Undergrad: 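Take this structure, written in structure tokens, and hold onto it; I'll ask about it next.
Note that the coordinates shown come from a computational prediction; the quantities given were computed from them, not determined experimentally. The analysis underlying the following values was restricted to heavy atoms, covering all of them including side chains, and did not include hydrogens, waters or symmetry mates.
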Amino acid sequence: MMTSGMNRYRGDVPLEIDGEVHTLRLTLGALAQIETALGTDDLAGLTARLANPSARDLLVILSALLGGGGHDLPVDTLKSKTFDLKAATATIARAFALALGAGEGADDGERPGKPQFQNTGAAGAGPGSA
């Protein structure tokens, strides 16, 4: 479900909150905000932390992704909002997948600015390797 103003190439995904559609987008700023709020230093630490997320973790991530999409909804504000938890977690996963190149259109050559690398199968081989 893409709505008006959504851009899948930027990683925009919609989520309905209190009956209004909001844009979620994983930006570098949103990612840094998530890492800081959850006390992780890098993506590996974040991945480990999110293997078993708390409700607060989900609210922190949702707030950061909403900020990336242009909506200012702090965690404390989100606590009083109505949204479908299952839809929210799926939307969070989709925002990460699109931003990290694992979502719709990631491998079809349509995504502007996304470097295309060919996997040679050899460990460590890739662009710039000898």
Side-chain angles (χ1 to χ4, degrees):
M1 156 182 81
M2 274 294 169
T3 60
S4 177
M6 297 280 168
N7 183 334
R8 74 181 178 115
Y9 297 110
R10 283 190 313 220
D12 293 358
V13 289
L15 178 65
E16 188 175 307
I17 300 173
D18 282 347
E20 182 180 335
V21 176
H22 291 73
T23 301
L24 276 69
R25 183 182 312 136
L26 179 62
T27 63
L28 190 54
L31 185 57
Q33 181 180 344
I34 293 165
E35 287 177 346
T36 299
L38 299 183
T40 60
D41 294 326
D42 54 30
L43 284 175
L46 184 60
T47 300
R49 168 74 186 258
L50 295 179
N52 190 20
S54 68
R56 182 186 174 282
D57 292 347
L58 293 174
L59 287 171
V60 163
I61 295 166
L62 188 56
S63 177
L65 295 178
L66 284 162
H71 307 282
D72 183 23
L73 287 170
V75 170
D76 287 339
T77 301
L78 278 174
K79 288 178 184 179
S80 65
K81 298 291 183 181
T82 302
F83 55 89
D84 181 277
L85 181 59
K86 186 175 182 179
T89 55
T91 301
I92 289 169
R94 180 139 172 78
F96 272 85
L98 285 173
L100 300 176
E104 178 182 333
D107 295 323
D108 63 7
E110 295 180 25
R111 193 161 186 213
K114 174 143 176 61
Q116 301 296 314
F117 299 113
Q118 183 174 4
N119 182 357
T120 64
S129 60

Undergrad: Could you go through Leu50 and Thr40, starting from their C-alpha distance and side-chain angles, then the distance that decides it, and tell me whether this counts as side-chain contact (heavy atoms from CB on, under 4.5 Å)?
TA: CA-CA 10 Å; Leu50 295 179; Thr40 60; over 6 Å; no

Undergrad: Taking salt bridge (Lys or Arg N to Asp or Glu O under 4.0 Å) as the test, write out the residues that go with Arg49, two or more places apart.
TA: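 Asp57.
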
Undergrad: So which atom in Leu15 and which in Leu24 form the shortest heavy-atom distance, rounded to 0.1 Å?
TA: CB-CD1, 3.7 Å

Undergrad: Indicate the atoms forming the closest heavy-atom contact of Ala95 with Val13, along with that distance.
TA: CB-CG2, 3.7 Å

Undergrad: Not counting sequence neighbours, list each pair that qualifies as a ring pair (Phe, Tyr, Trp, His ring centres under 6.0 Å) and has a residue in residues 24-69.
TA: none

Undergrad: Any idea which heavy atoms bring Val60 and Val75 closest together, and the distance?
TA: CA-CG2, 3.8 Å

Undergrad: Any side-chain hydrogen bond (donor to acceptor under 3.5 Å, both in side chains) involving residues 60-75? Give me the pairs, sequence neighbours left out, ordered by first then second residue.
TA: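 Found none.
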
Undergrad: Nearest 0.5 Å please: distance from the CD1 atom of Ile34 over to the CZ atom of Phe96.
TA: 4.0 Å

Undergrad: Under the salt bridge (Lys or Arg N to Asp or Glu O under 4.0 Å) rule, collect the residues that match up with Asp76, sequence neighbours excluded.
TA: Lys79

Undergrad: Between Pro53 and Ala51, what is the shortest heavy-atom contact and its length?
TA: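 That closest heavy-atom pairing would be CD-C, 3.8 Å.
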
Undergrad: Working to the nearest 0.5 angstrom, can you tell me the gap between Thr82 OG1 and Glu20 CD?
TA: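 Here the rounded value is 13.0 Å.
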
Undergrad: Quick one, Arg56 and Leu38 - any side-chain contact, counting heavy atoms below 4.5 Å?
TA: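 Result yes, sub-4.5 Å side-chain heavy-atom pair found.
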
Undergrad: Grab the two heavy atoms, one from Phe83 and one from Leu78, that are nearest each other, plus how far apart they are.
TA: CE2-O, 4.0 Å

Undergrad: Identify, with sequence neighbours excluded, every residue that meets salt bridge (Lys or Arg N to Asp or Glu O under 4.0 Å) alongside Asp18.
TA: Lys81

Undergrad: Given side-chain contact (heavy atoms from CB on, under 4.5 Å), test Leu31 with Leu26 step by step and report yes or no.
TA: CA-CA 7 Å; Leu31 185 57; Leu26 179 62; 4.0 Å; yes

Undergrad: Quick one: NZ on Lys86 to OG1 on Thr91, what's the gap to the nearest 0.5 Å?
TA: 12.0 Å

Undergrad: Would Ile17 and Leu66 count as a side-chain contact (heavy atoms from CB on, under 4.5 Å) here? Give the steps.
TA: CA-CA 11 Å; Ile17 300 173; Leu66 284 162; 3.8 Å; yes

Undergrad: With salt bridge (Lys or Arg N to Asp or Glu O under 4.0 Å) as the rule and sequence neighbours excluded, what pairs involving residues 35-47 come up?
TA: none

